[in-house]
Amino acid sequence: MTNHEVLPLLGQVADSVSRAIAHVHPELAGADPVVRRSEHADFQSNAALALAKRARTKPPELAQALTAALADDRGPATHVEVSGPGFVNITVPDQLLWNQVAARLANSRLGMGTPNEGQRTVIDYSAPNIAKEMHVGHLRTTIIGDSLARVLGFLGSEVIRQNHLGDWGTQFGMLIQYLDEHPELTWHHDELERGASAVSALDELYKTARAAFDDDLEFADRSRDRVVALQSGDPDTIARWKEIVSESEKAFRDIYDRLGVLLTPEDSVGESFYNHLLTDVITELTEAGIAVESEGALVIFSEEVTGPDGNPAPLMVRKREGGYGYDTTDLATIRYRIHDLKANRLLYVTDSRQALHFQMIFEAARRAGWLTDGIEAAHVPYGTVLGPDGRPFKTRSGGTVRLMDLLDDAVSRARAVVSEKNPDLAADALDQIAEQAGIGAVKYADLSSSRVKDYVFDVERMVSFNGNTGVYLQYAHTRIRSILRKAGDPEASIDPTIELQPAERALALELDAYSTALSEVSSTLEPLKLCGYLYDLARDFTTFYEACPVLSADEPVRSNRLALCQLTARTLQHGLDLLGISAPERM
RNA sequence: GCCCUCGUAGCUCAGGGGAUAGAGCAACCGCCUCCUAAGCGGUAGGUCGCAGGUUCGAAUCCUGCCGAGGGCGCCA
């Protein structure tokens with residue numbers, strides 16, 4: 001196996017057209033060759049239409065000239081013709097398609113390059129709150145962030161995952177105080193019955209503590225003292241706090257394992273971490289004259305954003321009573337990630353309602369001189385998960401939906417469908433497949449629609465397993481694997497002189513376009529681009545599957561088709577992995 | 001008041017300067033002696049929110065309007 005990049009045919013054709021443009025009109029050298037996949041040929045170039053005016057000619061004439069130049073070129077085109085108002089339709093020889101397939105099969109990375117090499121990317125995602133259940137609100141950031149981490153990493157970025165845990169704040173004062181006053185309470189994971197989690201217990205205890213805080217003035221006072229003790233580093237208080245953090249992380253870990261998310265405890269860099277940096281951040285901003293006093297608080301007035309009163313909107317750097325909120329920690333994160341982590345790409349995967357907040361954080365970071373031209377900072381916003389009523393997803397009683405419950409529900413429904421479709425499965429195989437299909441269905445449903453749009457969480461639809469769902473992709477993969485198993489998983493061998501059937505041709509062209517889909521994910525930060533590609537690929541495979549028998553074909557066609565199966569299976573498996581979805585061998 | 005996002009088939013969504021606007025679901029009609037029918041083929045369904053503008057060409061870019069959602073000082 002090699003790991004040299006295999007250039008996609010689209011790029012090779014584009015290079016040819018670029019050469020043709022430079023040859024025919026040297027003054028237009030460097031212009032976009034406007035090469036796309038085409039319904040009328042393998043590829044088409046629309047360059048003649050785009051450039052005719054600059055070339056002082058008519059589109060059909062320019063197209064004709066480009067066609068002639070392409071015919072002389074030693075590039076990949078075998079058949080070039082002008083069509084319509086000036087489209088240049090380009091067809092590539094079958095042999096070249098086979099060569100691409102063979103080269104990708106021989107390559108450990110399917111011929112993908114590492115265009116993001118040299119980028120150091122921080123991705124901030126998931127960010128659950130300590131001592132609180134993970135709920136629907138954490139689903140999208142966790143799934144989307146993780147997929148982006150995988151894709152960007154594969155493309156050569158050095159990815160630094162940051163799980164910005166909500167592990168600091170006044171709420172811990174009352175929780176710790178309450179636990180201290182009630183040593184009989186059990187909440188550690190090893191004290192609880194199986195299936196119960198420490199965060200679930202802590203979440204309940206926090207509510208109780210909160211009620212006590214509101215009812216009992218003396219308890220409230222002791223809780224406030226406890227906040228002070230926590231913030232000033234009192235050893236006993238800190239020890240208890242660390243215990244709560246670590247127990248909570250165990251519960252998060254269960255969810256991450258189940259979701260197949262890459263986050264590890266090493267990626268946890270919560271709010272508390274920034275504590276020791278806040279005074280430096282504030283000093284720097286104050287000395288630079290960016291942060292100023294206002295109504296007793298320290299704020300940064302935006303030069304871009306105004307509030308309801310028409311005055312500049314502020315970031316709250318230090319509250320009137322001296323405390324710090326999320327504005328301050330977020331200013332600290334961006335400084336830390338640029339100065340200490342030395343990242344040149346910073347992604348914050350949070351819901352779209354925080355857009356204005358990040359706009360102001362980035363503005364402040366630019367004014368402070370932290371965020372400079374070579375560094376990209378981006379809020380990666382996503383829409384709300386809605387319930388069947390079109391309102392933010394809640395339980396019937398109006399509470400938040402626990403993430404674990406939601407996953408249980410999806411998996412148990414998946415199990416019903418899987419066992420109906422395949423009643424012969426052994427119990428443990430059924431469990432495993434139901435888990436993979438159910439979790440995959442949830443993740444795919446989340447990743448496969450436009451990130452910024454709200455979407456309705458509809459388990460029935462996700463788990464119906466028809467159409468553009470995760471299971472369709474998994475199913476396509478198992479059908480291919482079944483063929484390959486029956487063939488004995490042979491070493492690929494391709495005879496490139498064999499003529500391609502239309503379905504084979506469409507499949508081969510699609511397989512060749514994988515890298516384009518991945519680059520689009522990198523530039524748009526939309527996993528949907530990868531989902532769409534994989535769905536198209538699975539459909540192209542299914543068409544091929546219907547039209548081109550593999551095992552019963554005569555050699556050398558059989559081997560060639562097996563090679564297409566192998567590359568499709570590997571590409572599907574690989575793409576699903578970048579989405580964080582497993583590709584079972586059987587279903 | 002200002003700002004952001006969204007408006008495409010009955011429903012859920014792709015397409016974000018190029019040829020007849022595409023899928024899935026739901027509906028209807030077909031297809032398992034054949035590599036997994038969790039599949040495939042077909043029929044039907046659209047003034048791409050509205051109105052201007054830019055362009056050889058606009059669902060796509062610009063402006064305005066309408067509608068939905070969200071945000072804008074001490075919650076993240």
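So you know, we letter chains A, B, ... as the sequences are listed, proteins then strands, and number each from 1. Everything quoted here is computed from the prediction, not taken from an experiment.
- Between the side chain of Ser582(A) and the main chain of Pro584(A), no donor-acceptor pair closer than 3.5 Å is present.
- Listed by first residue number, the stems of RNA chain B with at least three Watson-Crick or G-U pairs below 3.5 Å are B:1-7 with B:66-72, B:10-13 with B:22-25, B:27-31 with B:39-43, B:49-53 with B:61-65.
- Listed by first and then second residue, the ring pair (Phe, Tyr, Trp, His ring centres under 6.0 Å) pairs that reach into residues 541-560 of chain A are Phe541(A)-Phe544(A), Phe541(A)-Tyr545(A), sequence neighbours excluded.
- Looking at heavy-atom distances under 4.0 Å, Gln44(A) makes contact with a base.
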Listed pairs under 3.5 Å, donor-acceptor, residues 55-64 of chain A side chains, sequence neighbours left out:
unit_1   : atom_1 : unit_2   : atom_2 : d
Thr57(A) : OG1    : Glu61(A) : OE1    : 3.0

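- Spacing between atom NE2 of His379(A) and atom C1' of C4(B) amounts to 11 Å, rounded to whole angstrom units.
- Taking the C1' atom of each, U33(B) and C29(B) are spaced 24 Å apart, rounded to whole Å.
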Protein proximity profile, nucleotides 8-16 of chain B - base contact B, sugar-phosphate-only contact S, no contact -, cut-off 4.0 Å on heavy atoms = ----SSSS-
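- If you take atom P in U5(B) and the same atom in U36(B), they sit 49 Å apart, rounded to whole Å.
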Please report, to 0.1 Å, the donor-acceptor pairs under 3.5 Å made by any side chain of residues 525-535 of chain A, with sequence neighbours excluded.
unit_1    : atom_1 : unit_2    : atom_2 : d
Glu526(A) : OE1    : Arg451(A) : N      : 3.1
Tyr533(A) : OH     : Glu510(A) : O      : 2.7

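- The CE atom of Met360(A) sits 15 Å away from the P atom of C4(B) (whole-angstrom rounding).
- Within 4.0 Å (heavy atoms only), Gly325(A) reaches sugar-phosphate atoms of the nucleic acid but no base atom.
- Residue pairs meeting the salt bridge (charged side-chain N to carboxylate O under 4.0 Å, His left out) criterion with at least one partner in residues 40-51 of chain A, sequence neighbours excluded, are Asp42(A)-Arg505(A).
- In this structure, G73(B) shows a glycosidic angle within 90 degrees of zero, which is the syn conformation.
- G49(B) and A14(B) have their P atoms separated by 14 Å, with the value rounded to a whole Å.
- The minimum heavy-atom distance between Phe172(A) and Gly166(A), with the atom names listed, is CZ-O, 3.9 Å.
- With the nearest nucleotide of RNA chain B identified for both Arg318(A) and Glu39(A), Glu39(A) has the one nearer the 5' end.
- Only one option out of Phe358(A), Tyr125(A), Tyr348(A) pairs with His379(A) in a ring-ring contact (aromatic ring centres under 6.0 Å, His included); it is Phe358(A).
- Using a distance-only test at 3.5 Å, with no hydrogens or angles considered, a donor-acceptor pair links the side chain of Thr141(A) to the main chain of Val349(A).
- The list of salt bridge (charged side-chain N to carboxylate O under 4.0 Å, His left out) pairs with a residue in residues 412-423 of chain A, not counting sequence neighbours, reads Asp409(A)-Arg413(A), Arg413(A)-Glu460(A), Arg415(A)-Asp431(A).
- Here salt bridge (charged side-chain N to carboxylate O under 4.0 Å, His left out) pairs that include residues 379-388 of chain A, with residues two or more places apart or in two chains, number zero.
- For the P atoms, the distance from G70(B) to C56(B) is 43 Å, rounded to whole Å.
- Between Phe393(A) atom CZ and G69(B) atom P the separation is 20 Å, expressed in whole Å.
- Protein atom CD of Glu304(A) is 11 Å distant from nucleotide atom P of C4(B), rounded to whole Å.
- Across the protein-nucleic acid pair, Lys53(A) atom NZ and G57(B) atom C1' stand 11 Å apart, rounded to whole Å.
- Distance CD (Glu271(A)) to C1' (C75(B)): 11 Å, rounded to an integer number of Å.
- No hydrogens or angles were tested; on distance alone, nothing pairs the side chain of Thr306(A) with the base of G1(B) as donor and acceptor under 3.5 Å.
- We find that the ring of Phe87(A) and the base of A19(B) stack, their centres lying under 5.5 angstrom apart and their planes tilted less than 30°.
- One P atom belongs to A68(B), the other to G52(B), and the distance between them is 24 Å to the nearest Å.
- Taking the six-membered ring for Trp and thresholds of 30 and 60 degrees, Tyr336(A) and Phe273(A) have ring planes more than 60 degrees apart, a perpendicular arrangement.
- Within the nucleic acid shown, Glu420(A) has no heavy atom closer than 4.0 Å to any nucleic acid atom.
- Going from the P atom of C40(B) to that of A23(B) covers 12 Å, rounded to whole Å.
- The nearest pair of heavy atoms linking Ile123(A) to Gly145(A) is CG2-O, 4.1 Å.
- Separating the CD atom of Glu303(A) from the C1' atom of C72(B) is a distance of 17 Å, rounded to the nearest angstrom.
- Taking atom C1' in both U47(B) and G73(B), one finds a spacing of 47 Å when rounded to whole Å.
- Across the protein-nucleic acid pair, Asp327(A) atom CG and C74(B) atom C1' stand 9 Å apart, rounded to whole Å.
- His164(A) is linked by a ring pair (Phe, Tyr, Trp, His ring centres under 6.0 Å) to Tyr274(A), counting only residues two or more places apart in sequence or in another chain.
- With its glycosidic angle more than 90° from 0, C48(B) is assigned anti.
- Annotation: G67(B) and C50(B) have their P atoms spaced 15 Å apart (nearest Å).
- Residue His164(A) is classed as having no contact, given no heavy-atom separation below 4.0 Å to the nucleic acid.
- Considering only residues two or more places apart in sequence or on other chains, Ser519(A) meets the side-chain hydrogen bond (donor to acceptor under 3.5 Å, both in side chains) condition with none of them.
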Let me see the working for Phe457(A) and Leu406(A) under side chain to side chain contact (heavy atoms under 4.5 Å, CB included), right down to the final yes or no.
-> CA-CA 10 Å; Phe457(A) 191 90; Leu406(A) 183 150; 3.4 Å; yes
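- RNA chain B is contacted by Arg353(A), Gln354(A), Leu356(A) of residues 346-356 of chain A, taking any non-hydrogen atom closer than 4.0 Å.
- Between the side chains of Ser302(A) and Glu363(A), at least one donor N or O sits under 3.5 Å from an acceptor N or O.
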Between protein and nucleotides 34-44 of chain B, map the contacts as a letter string: B base, S sugar-phosphate only, - none, heavy atoms under 4.0 Å, written 5' to 3'.
-> -BBSBSS----
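- If you check every strand for non-hydrogen atoms under 4.0 Å, Asp32(A) touches nothing.
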